[in-house]
Amino acid sequence: MPATKGVFGLAFKKSAGESLVEDRSVEFQQRLAKLGQLRESGVDPYPNDFKPSTTAAAVTEKYGPLTPEELEARKGESVSIAGRIMAKRDFGKASFVQIQDRSGRIQAYAKKDILGEAAYNTFKLCDMGDIIGFEGHLFRTKTGELTIEATSLRLLAKGLHPLPEKWHGLSDVEARYRQRYLDLMVNPEVKDVFVKRSRIIKFIRDFLTGRDFMEVETPMLQSIPGGAAAKPFKTYHNALQMELYMRIAPELYLKRLIVAGLERVFEINRNFRNEGISTRHNPEFTMLEFYLAYATFDDLMDLTEEMISSLIRELTGSMKITYQGAEIDFTPRWTRISVRDAILKYSDAAEDIFEDKDKAVLFSKKLGLKIPEGLSHGKILTEIFEEVAEPKFIQPTFVTHYPLDVSPLSRKNAKDPSIVDRFELLVAGREIANAFSELNDPIDQRERFENQLKEKAAGDAEAHEMDEDFVRALEYGMPPTAGEGIGIDRLVMLLTDSPSIRDVILFPQLKKAVSQSSPSAAGDNV
RNA sequence: GAGCCGCUAGCUCAGUCGGUAGAGCAUCUGCCUUUUAAGCAGGUGGCCCCGGGUUCGAGUCCCGGGCGGCUCACCA
């Protein structure tokens with residue numbers, strides 16, 4: 001009604017300033033008016049003294065199996081629930097509402113006879129999307145639905161925005177990412193993904209601590225961004241007057257802790273890489289890295305197999321998952337194949353490409369690969385591998401023995417110094433884990449860094465930096481160690497059948513939204 | 001960075017050949033004390049992403065820009 005809108009719109013303006021009531025939808029104005037009515041009738045629309053006694057799921061579990069007669073007999077048992085109104089079916093002097101809390105939904109029945117005139121009038125001013133709390137006992141409706149009959153009811157937080165549509169939910173992808181709280185509120189399958197993500201991380205944490213690993217946290221702000229080949233984010237510390245980088249990997253710090261004698265450490269935390277964004281890349285992403293002294297990359301293949309297969313059993317009760325239509329079987333033991341054998345198996349390459357760089361260049365050209373001038377032999381072989389073999393590994397596969405010059409931190413193979421004792425775990429054609437026997441020879445490590453510096457000088461922006469303190473740490477002696485990194489986001493994608501990394505990150509990185517509230521923002525963008 | 005697609009009411013979407021901007025849900029008013037996307041009747045609600053251009057006339061056609069999605073490139 002226009003008169004009501006005008007009156008309460010004006011009343012609100014006086015107390016809270018004009019900006020809030022301008023440029024808003026009609027429904028926002030209507031809800032503001034209801035807020036005003038509630039305050040005028042002495043109801044605090046945002047109280048904080050209500051404590052629910054239980055949850056929707058717990059109530060359903062406890063009372064769901066009982067017959068209507070049994071429920072009638074237990075009318076004296078009162079429960080209290082708090083949550084958001086997700087549906088409202090109003091009959092005038094009685095009403096059904098669906099209440100959603102963290103556990104799920106349950107129906108409540110509000111009847112004027114029971115609640116009384118004043119409380120029912122307050123309830124009438126509650127809308128879909130408001131948070132309410134109520135107390136009552138259980139009964140079953142004519143249609144058989146377990147329902148709480150409210151004996152008292154309170155508004156706990158007034159919502160001023162209408163909720164997305166009850167049937168289709170929120171499907172606009174951009175809105176889902178920018179307003180993830182709405183996505184989580186109305187799309188239950190989205191919440192399921194993040195519940196699963198939480199369980200996965202907890203499982204891994206328990207798995208490793210159960211094997212005497214210690215969880216640690218190492219610097220995210222680093223003066224030398226090391227441990228991976230990637231472009232870092234740069235930042236500046238004012239008081240220290242120094243440039244810092246967001247870390248691209250924790251590796252070099254975790255290995256310092258191995259030098260220190262911690263022997264078994266892991267970290268689950270964020271890495272930051274200043275690179276492109278895609279369905280598989282977010283600028284910040286979560287990485288598990290763990291290091292185990294007196295072990296080799298062979299040991300880590302066994303450990304990884306055990307960790308991931310038991311994780312999948314725990315999560316699904318089975319050893320198989322479906323990812324984007326492909327069935328993937330994690331039953332051990334997984335295939336193990338070297339980069340060299342994989343190339344020979346999946347292409348018609350001759351063996352001499354591994355000994356003769358010119359032959360490798362020739363073969364890569366035959367494949368149609370664009371190989372920049374000056375690319376090292378090992379990098380060319382890696383490119384060939386990625387082209388011909390990587391997409392073939394749908395089932396979990398350990399690909400071992402990468403070329404030396406793409407692995408500046410790995411231990412050389414004892415028999416063939418052109419390759420390293422390293423593996424990547426590939427699933428659905430994607431890298432899930434990367435691990436190696438760690439290089440602990442400080443002289444060798446220094447030479448590798450120096451080679452990286454040469455590549456950097458030759459134009460490779462992602463070549464590794466020299467880290468003198470890390471080399472010095474190795475000079476004190478690092479026990480023989482194996483280390484591994486697992487991209488948590490990509491693992492979660494796999495286990496939740498999510499096609500995009502944005503589906504498994506709560507707030508994925510997007511460009512700055514064009515402001516809807518300040519008209520001047522359009523000018524700022526030009 | 002390139003190509004393709006999208007952007008219309010709070011949400012989900014129509015909008016024909018360029019000719020007065022629509023539906024469902026939500027919301028508002030009235031009725032309704034066991035509903036299940038409750039129902040019945042009647043209303044409100046629009047910077048058609050932004051800026052130019054063509055035209056008597058642009059949501060629609062053309063150009064430029066923004067944001068998003070997908071694919072490719074990049075990212076071992």
Side-chain angles (χ1 to χ4, degrees), chain A residues 1-5 23-31 33-34 68 86-98 105 107-115 120 127-129 139-145 147 149 159-179 182 186 228-231 248 273-283 285 339 370 375-376 378-383 385-386 390 399 402-403 405-408 422 424 431 434 460-464 499-500 502 508 510-516 519 521-526:
Chain A
M1 221 200 312
T4 315
K5 180 174 128 191
D23 283 341
R24 298 287 197 161
S25 71
V26 170
E27 187 163 352
F28 189 89
Q29 298 286 356
Q30 287 166 342
R31 286 174 177 239
K34 289 179 182 176
M86 300 305 288
K88 198 176 178 191
R89 291 181 280 274
D90 192 344
F91 287 84
K93 296 185 184 63
S95 186
F96 288 96
V97 286
Q98 287 283 336
R105 290 187 184 187
Q107 181 170 266
Y109 183 53
K111 192 152 79 162
K112 193 174 182 179
D113 289 352
I114 298 175
L115 290 170
Y120 198 76
D127 293 301
M128 277 218 299
F139 77 108
R140 213 169 265 285
T141 63
K142 279 179 187 167
T143 51
E145 180 155 351
T147 303
E149 188 168 78
L160 297 177
H161 289 289
L163 251 33
E165 206 219 18
K166 60 185 169 191
W167 194 241
H168 299 93
L170 182 70
S171 62
D172 178 73
V173 182
E174 184 174 356
R176 287 185 43 221
Y177 295 152
R178 290 199 194 278
Q179 294 183 274
L182 277 183
V186 302
K231 296 187 196 82
I248 54 174
R273 296 189 184 176
N274 203 343
E275 287 163 355
I277 292 179
S278 76
T279 48
R280 291 178 211 73
H281 303 265
N282 196 62
F285 60 99
V339 169
K370 284 172 287 176
L375 205 63
S376 72
K379 281 203 174 154
I380 294 166
L381 292 174
T382 306
E383 295 272 344
F385 167 77
E386 284 170 7
E390 197 165 78
V399 175
Y402 280 73
D405 42 319
V406 296
S407 316
R422 167 180 170 190
E424 285 192 5
E431 176 193 338
N434 177 22
D460 184 350
E462 295 184 355
H464 212 289
S500 170
R502 297 181 200 98
L510 298 179
K511 280 200 184 184
K512 203 167 106 185
V514 185
S515 174
Q516 293 167 343
D524 296 343
N525 281 347
V526 174

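Order of the sequence lines sets the chain letters (A, B, ...), proteins ahead of strands, with each chain counted from 1. Quick caveat, the model's predicted, so the values are computed rather than measured.
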TODO: Just say parallel, tilted or perpendicular for the rings of Phe385(A) and Tyr402(A), cut-offs at 30° and 60°.
DONE: perpendicular
TODO: Starting at atom CH2 of Trp167(A), determine the distance to atom P of C13(B), rounded to an integer number of angstrom.
DONE: 15 Å
Open item on the list: Between G22(B) and G46(B), how far apart are the two C1' atoms, rounded to whole Å?
Closed with: 11 Å
Open item on the list: Would you call the rings of Phe96(A) and Phe91(A) parallel, tilted or perpendicular, taking 30° and 60° as the class edges?
Closed with: perpendicular
Open item on the list: Using only modelled atom types and a 3.5 angstrom limit, is any donor from either the side chain of Glu165(A) or the base of G24(B) paired with an acceptor on the other?
Closed with: yes
Open item on the list: So for Glu145(A) and U34(B), does any side-chain atom that can act as donor or acceptor lie under 3.5 Å from a complementary atom in the base?
Closed with: no
- [ ] Taking atom C1' in both U8(B) and A23(B), compute the distance separating them and give it to the nearest angstrom.
- [x] 13 Å
- [ ] Kindly say if Arg176(A) contacts the phosphate of C11(B), meaning a side-chain N or O under 4.0 Å from OP1 or OP2.
- [x] no
Task: Spacing between Asp90(A) atom CG and A37(B) atom P, to the nearest angstrom - done: 17 Å
Open item on the list: Is the phosphate of U35(B) approached by Arg89(A) (side-chain N or O, under 4.0 Å from OP1 or OP2)?
Closed with: no
Open item on the list: Rounding to an integer number of Å, can you tell me how far Met128(A) CE sits from A37(B) P?
Closed with: 13 Å
- [ ] Using the C1' atoms only, state how far G64(B) lies from C25(B), rounded to an integer number of Å.
- [x] 37 Å
TODO: Under a 3.5 Å limit for both distances, which nucleotide forms a Watson-Crick or G-U wobble pair with C61(B), could you say?
DONE: G53(B)
Open item on the list: Using OP1 and OP2 only, check whether a side-chain N or O of Lys88(A) sits under 4.0 Å from U36(B).
Closed with: no
Open item on the list: Just the rounded figure in Å: distance from C1' of U12(B) to CD of Glu174(A).
Closed with: 16 Å
Task: Check: U36(B) base within 3.5 Å donor-acceptor of Thr141(A) side chain - done: yes
- [ ] Using whole Å, report how far NZ of Lys142(A) lies from C1' of G39(B).
- [x] 15 Å
- [ ] Could you state the atom-to-atom distance from CG of Asp127(A) to P of C25(B) in whole Å?
- [x] 18 Å
- [ ] Could you tell me which nucleotide pairs with A21(B) by Watson-Crick or G-U wobble geometry, both distances under 3.5 Å, or answer none if nothing does?
- [x] none
Task: Under 3.5 Å on both distances, the Watson-Crick or G-U partner of A41(B) - done: U29(B)
Open item on the list: For a quick check of understanding: with a heavy-atom distance under 4.0 Å over all strands, which category does Val406(A) fall into, base, sugar-phosphate or nothing?
Closed with: base
TODO: Check the geometry between Phe91(A) and C32(B) and answer yes if their rings are stacked (centres below 5.5 Å, planes below 30°), otherwise no.
DONE: no
Open item on the list: Roughly how many Å apart are A26(B) and A41(B), using the P atom of each and rounding to a whole number?
Closed with: 15 Å
Open item on the list: Using whole Å, what does the distance between atom P of nucleotide G69(B) and atom CZ of Arg280(A) come to?
Closed with: 14 Å
- [ ] Specify the residue among Leu510(A) and Lys231(A) whose closest nucleotide of RNA chain B lies further upstream toward the 5′ end.
- [x] Leu510(A)
Task: Under 4.0 angstrom between Lys379(A) side-chain N/O and A76(B) OP1 or OP2 - done: no
Task: Closest-nucleotide ordering on RNA chain B, the 5'-leading residue of His168(A) and Pro408(A) - done: His168(A)
Open item on the list: Are the side chains of Val186(A) and Glu165(A) in contact, using a 4.5 Å heavy-atom criterion?
Closed with: no
- [ ] Give none if A14(B) has no partner; otherwise give the nucleotide forming a Watson-Crick or G-U wobble pair with it, both distances under 3.5 Å.
- [x] none
Task: Nearest heavy-atom neighbours spanning Gly378(A) and Asp405(A) - done: N-OD2, 3.2 Å
- [ ] Write down the distance separating the P atoms in A9(B) and C48(B), rounded off to the nearest Å.
- [x] 9 Å
Open item on the list: Measuring to OP1 and OP2 of U12(B), would you say a side-chain N or O of Ser171(A) lies under 4.0 angstrom away?
Closed with: yes
- [ ] Would you indicate, yes or no, if A38(B) has its OP1 or OP2 atom less than 4.0 angstrom from a side-chain nitrogen or oxygen of Lys166(A)?
- [x] yes
Open item on the list: Measuring only the P atom in each nucleotide, how far is A58(B) from G51(B)? A whole number of Å is fine.
Closed with: 14 Å
Open item on the list: Of the options A76(B), C11(B), U33(B), whose atoms approach the side-chain atoms of Pro164(A) most closely?
Closed with: C11(B)
Open item on the list: On a heavy-atom basis, which atom in Leu115(A) and which in Ala110(A) lie closest, and how many Å separate them?
Closed with: CD1-CB, 3.7 Å
Task: Pairwise C1' distance, A2(B) and G59(B) [rounded to whole Å] - done: 29 Å
Task: Pairing partner of G6(B) (Watson-Crick or G-U wobble, both distances under 3.5 Å) - done: C67(B)
Task: Closest heavy-atom pair and its distance - Gln98(A), Arg105(A) - done: OE1-CB, 3.9 Å
TODO: Return the value, rounded to whole Å, for the distance between atom CD of Glu27(A) and atom C1' of C25(B).
DONE: 11 Å
Task: Presence of Arg178(A) side-chain N/O under 4.0 Å of G68(B) phosphate oxygens OP1/OP2 - done: yes
Open item on the list: I want to check one thing: is the phosphate of U33(B), taken as OP1 and OP2, less than 4.0 Å away from some side-chain N or O of Lys112(A)?
Closed with: no
Task: Closest heavy-atom pair and its distance - Ala230(A), Glu275(A) - done: CA-OE2, 3.2 Å
- [ ] In plain terms, say whether Glu383(A) and Lys379(A) are close enough for a salt bridge, that is, a side-chain N and a carboxylate O under 4.0 Å apart.
- [x] no
